[in-house]
Amino acid sequence: MRNLKYAILGLVNRAPKTGYDIKRAFDDRALTNFWHAEHSQIYPELAKLVSEGMLEVSTVIQGQKMEKKLYTITPAGKKDFEHWLRDDVPLERTYKDIFRLRTFFSDAMQPDEYLALLRSQRAMHQEKYNYLSSIQKADFPEIPAIGTPELGDYMVLDGAVSREADCLRWLDRCIAIFEK
């Protein structure tokens with residue numbers, strides 16, 4: 001399945017966008033916590049979506065000379081996107097986590113070496129948790145209304161905060177095992 005296709009359709013469904021706007025959206029703190037796409041992936045996918053009739057592209061003049069391509073969702077694209085939204089899918093295979101793979105093989109390390117890795121991971125996850133929590137507090141003093149794009153942003157961010165909190169608890173348990 002071309003999941004990037006639906007991420008792009010969803011972004012353009014919210015409002016027409018340029019390729020640059022789409023790339024910026026993937027780099028934005030709302031999306032980057034659970035999805036990313038590179039420039040080299042976005043532009044070929046935009047071309048496919050235009051050729052499939054899911055998006056329309058128009059050229060607009062910005063300033064006096066600069067042209068930019070503005071992508072708009074078509075009725076066919078909107079229909080396909082809405083169908084994808086409603087399609088319940090099974091859980092995906094477990095994502096790849098290099099540190100957990102190292103944990104699986106930690107018996108091949110000296111205990112003090114692995115404990116140092118655990119502490120390093122904990123520090124990184126604590127930093128990420130603090131960052132995400134600060135965004136959540138700053139951007140969402142209250143839960144947004146149902147039916148707004150902000151509610152989806154809030155729920156995804158809340159999931160990212162929860163994920164980091166769970167990871168910190170797991171790392172604390174692992175550290176405790178090695179500190180005994």
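Neither Met54 nor Leu70 shares a network with the other; the hydrophobic side chains, linked directly or stepwise wherever heavy atoms of I, L, V, M, F, W or Y lie under 4.5 Å apart, form separate groups for each. By the criterion of side-chain heavy atoms lying less than 4.5 angstrom apart, applied directly or through intervening Ile, Leu, Val, Met, Phe, Trp or Tyr residues, Trp35 is not grouped with Tyr131; the two fall into different hydrophobic clusters. When the side chains of ILVMFWY residues are joined at heavy-atom separations under 4.5 Å, either directly or via intervening members, Leu151 and Ile135 end up in a single hydrophobic cluster.
Distance CZ/Arg102 to CG/Asp97: 10.0 Å, rounded to 0.5 Å. Distance check: Asp80 CG to Leu85 CG gives 10.0 Å after rounding to the nearest 0.5 Å.
For Arg119, the side chain to side chain donor-acceptor pair (under 3.5 Å) partners at least two apart in sequence or on another chain are Glu179.
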Distance-only donor-acceptor hits, side chain of residues 14-21, under 3.5 Å, sequence neighbours excluded:
{"residue": "Arg14", "atom": "NH2", "partner": "Pro149", "partner atom": "O", "Å": "3.4"}
{"residue": "Thr18", "atom": "OG1", "partner": "Tyr20", "partner atom": "N", "Å": "3.4"}
{"residue": "Thr18", "atom": "OG1", "partner": "Asp21", "partner atom": "N", "Å": "2.9"}
{"residue": "Thr18", "atom": "OG1", "partner": "Asp21", "partner atom": "OD1", "Å": "3.4"}
{"residue": "Thr18", "atom": "OG1", "partner": "Asp21", "partner atom": "OD2", "Å": "3.1"}
{"residue": "Asp21", "atom": "OD2", "partner": "Thr18", "partner atom": "N", "Å": "3.0"}

Please report, to 0.1 Å, the donor-acceptor pairs under 3.5 Å made by any side chain of residues 153-161, with sequence neighbours excluded.
{"residue": "Asp158", "atom": "OD1", "partner": "Gln136", "partner atom": "NE2", "Å": "2.9"}

For a side-chain contact (heavy atoms from CB on, under 4.5 Å) check, start with the C-alpha distance between Asn3 and Trp84, then their side-chain angles and the critical distance, and finish with the verdict. CA-CA 10 Å; Asn3 290 315; Trp84 174 81; 4.0 Å; yes

* To do: For side-chain contact (heavy atoms from CB on, under 4.5 Å), just list the numbers for Cys167 and Met124, CA-CA rounded to whole Å, side-chain angles, deciding distance to a tenth of an Å, and then say yes or no.
  => CA-CA 11 Å; Cys167 189; Met124 288 187 278; over 6 Å; no

Open item on the list: Could you walk me through whether Arg100 and Gln121 satisfy the side-chain contact (heavy atoms from CB on, under 4.5 Å) test, starting with their C-alpha distance in whole Å, then the side-chain angles of each, then the deciding distance to 0.1 Å, before giving a yes or no?
Closed with: CA-CA 11 Å; Arg100 290 178 195 245; Gln121 286 290 309; over 6 Å; no

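You'll find the ring centres of Tyr129 and His125 outside the 6.0 Å limit.
Using a 4.5 Å cut-off on side-chain heavy atoms (C-beta onward), Ile8 and Tyr71 make no contact.
The environment of NZ in Lys69 is sparse: at most 12 heavy-atom neighbours from other residues, nucleotides or ligands sit within 6.0 Å. For Glu127, the CD atom is loosely surrounded, since the number of other residues' heavy atoms within 6.0 Å does not exceed 12.
Leu132 and Glu164 get closest at one heavy-atom pair: CD1-CG, 3.8 Å. Residues Ile61 and Glu67 share a closest heavy-atom pair of CD1-CG, 3.4 Å. In this structure, Gln41 and Pro44 approach most closely via the heavy-atom pair O-CD, 3.5 Å. When all heavy atoms of Ala76 and Gly53 are compared, the pair lying nearest together is CB-O, 3.9 Å. The shortest heavy-atom contact between Leu46 and Leu55 is CD2-CD1, 3.7 Å.
Grouping Ile, Leu, Val, Met, Phe, Trp and Tyr residues whose side-chain heavy atoms lie under 4.5 Å apart, directly or via other members, places Phe104 in a hydrophobic cluster with Leu101, Phe105. Clustering of Ile, Leu, Val, Met, Phe, Trp and Tyr by side-chain heavy atoms under 4.5 Å joins Leu171 with Phe99, Met109, Tyr114, Leu115, Leu117, Leu118, Trp170, Ile175, Ile177, Phe178.
Here the side chain of Arg86 pairs a donor or acceptor atom with the backbone of Glu82 at under 3.5 angstrom. No donor-acceptor distance shorter than 3.5 angstrom exists from the side chain of Lys78 to the backbone of Leu9, with no hydrogens or angles considered.
Residue pairs satisfying the salt bridge (Lys or Arg N to Asp or Glu O under 4.0 Å) criterion with at least one member in residues 31-59, sequence neighbours excluded, are listed as follows: Arg2-Glu45, Arg2-Glu52.
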